Amino acid sequence: MSNINYISTRGQTPPLGFSAAVMAGLARDGGLLIPEKILPPDDRFRQWPALSYRELAYELVVRYADLSQVEIAKLVHDAYDTFRHPEVVRCVPAGPVQILELFHGPTLAFKDIALQFLGGLFSLLLAKSGGHMNILAATSGDTGSAAIAGVRGRERIQIFVMHPRGRVSAVQERQMTSVLDANVHNLAIEGSFDDCQRILKELFADLPFKDRHALGAVNSVNWARVLVQMVYYFHAAFRHCLATGARHVQFAVPTGNFGDILAGYYAAQMGAPIKRLILATNENDILARFFNSGAYSLGNVVPTLSPSMDIQVASNFERYLFDRVGGDAAQLRALMAGFARTGKLCVEGRDPLFVAGVGDTAATRATIKRYYDQHGYLLDPHTAVGVHVAEQFLDPEAPTICLATAHPAKFGAAIREATGQDLAHHPLLDALADLPTRCTRLPAEAAAVRDFIAAHAV
Ligand SMILES: *Cc1c(COP(=O)(O)O)cnc(C)c1O
């Protein structure tokens, strides 16, 4: 059991234990919760390269969580029992890079790795406290189905997921609405994804409503999500070094909210053999611009073939920024206040761990086609963005591992566009076509969603 505390990046709330930090999601001062220290390698660390995925997950969680060893062992076991691959993830060579497949969970997206764990963790904490929770989420695609898969059928939890009606892909919609568990409520909002997000913000800002219904969130700022994402960086880096004799590796990460690559950053700080992190964005390139210029400045969101990365403000970035200003919460607050006012902030210097680049829509299509034609490997469009950027930073001393964040069958239309063929299928997704579905249509008004939650909350 770890007694590490979690502090706010904005420095204006008292520290919390792990369980309280997980239930809180965000700090009450609006900051993000981070461990008061990132642990350096210890004596046991030398054995880590020989550990299985689940054993590594256990070793990491035990260092950061105020839970018993028995509780953690069960959480880790249950979370990854639902995966179709015994080692949870799988690494396959393709041309000059290694593809680390993170999509063998129930919804075929890498978000399952964190959300299968988080669902079990919420259940455990609520059972211990005797409480209940009503999760509210807004999705443009992947997050919704992974969050639903993480909590379906769980006692003490109801989940309400808003999606813009008719504006998520047919497969993504069916992945959500075919889940018929009584605690799952799909809300098709008559509006855009922005409307869904506006309603979400409005209801979370309504504190009496939020407190009355114990409204909870599953978004990527939850520390538990970042923590369990560190596991695959250790696992893949160790395995690859052991197999090839390399001293270290580099990872290419298709990035949206900066959650995935942040886990890599913390893993490197803990001593994982990582030489470099290659940050890849699509045309929504605020983070690539930041790592290349030191300026973080808002642009417009444009739709691309990799919709889960169509993001301008990266919600996890503040955790990294906190380190870049030397852990000075006052300076961080000033930067964030300036950003809220002007849409821009600047930081001096460079972090040698990061390089960054952009894969636009044409590059995404071309990379999908080239990897299929030349290497017989079908990349999903998000992964293709990462591979495209990775190819610009190949390093003879550090093998390149590209994170594959979704199965290509989730993005069949992009694959058809890129290759001219209908190549991307998965039996799980094909089977959805015949399943019954359940969904409630609501107007794009916070009041309508508020009433629905009040009527169905636990
Ligand atoms: C969420 C997501 C990403 C982006 O991950 P972040 O943690 O938000 O940077 C990339 N690819 C896919 C398929 C995703 O679902």
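First listed ligand is number 1; within each ligand, the first listed atom is number 1. Note that the structure is a prediction, hence the values are computed from the model and not measured.
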contact_flag F110 ligand 1 heavy-atom lt 4.0 Å:
yes

Would P254 count as a contact residue for ligand 1, given that I'm defining contact as a non-hydrogen atom of the residue lying under 4.0 Å from a ligand atom?
yes

Proximal ligand 1 atoms for [X], defined as those under 4.0 Å from one of its heavy atoms:
X: A406; answer: 13 (C)
X: T255; answer: 9 (O)
X: G259; answer: 6 (P), 7 (O), 9 (O)
X: S308; answer: 2 (C), 12 (C), 14 (C), 15 (O)
X: G256; answer: 4 (C), 6 (P), 8 (O), 9 (O)
X: D260; answer: 7 (O)

Judged by atom type as modelled, is there a donor-acceptor pair below 3.5 Å linking the side chain of R28 to the main-chain atoms of A24?
no

Can you say whether the rings of H235 and Y53 are parallel (under 30°), tilted (30 to 60°) or perpendicular (over 60°)?
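H235 vs Y53 ring planes: perpendicular.
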
Would a line drawn from the ring center of Y296 to the ring center of Y320 be shorter than 6.0 Å?
no

Measuring centre to centre across the rings, with the benzene-like ring taken for any Trp, is F317 within less than 6.0 Å of F339?
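F317 vs F339: aromatic centres not under 6.0 Å.
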
Pick, from N257, D380, V253, the option with the minimum heavy-atom distance to atom 6 (P) of ligand 1.
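Among N257, D380, V253, the closest heavy atom to atom 6 (P) of ligand 1 belongs to N257.
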
Looking only at protein heavy atoms, identify the closest one to atom 1 (C) of ligand 1 and say how far it is in Å.
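Answer for atom 1 (C) of ligand 1: K111 NZ, 1.4 Å.
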
Considering heavy atoms of the protein only, find what lies nearest to atom 11 (N) of ligand 1 and give residue, atom and distance to 0.1 Å.
T405 OG1, 2.8 Å

Out of H382, H425, H426, H104, which one pairs with H407 under the ring-ring contact (aromatic ring centres under 6.0 Å, His included) rule?
H426

Is there a donor-acceptor contact under 3.5 Å linking the side chains of H163 and E173?
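E173 and H163 do not have a side-chain donor-acceptor pair below 3.5 Å.
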
Would you please say whether a donor-acceptor pair under 3.5 Å links the side chains of N300 and Q312?
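Note: N300 and Q312 side chains miss the donor-acceptor criterion.
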
Test of understanding: with side-chain contact (heavy atoms from CB on, under 4.5 Å), list the residues that count as partners of Y6, not counting sequence neighbours.
I4, F18, A21, L33, P35, Y64, W223

Report yes if H382 has an N/O atom closer than 3.5 Å to an N/O atom of ligand 1; otherwise report no.
no

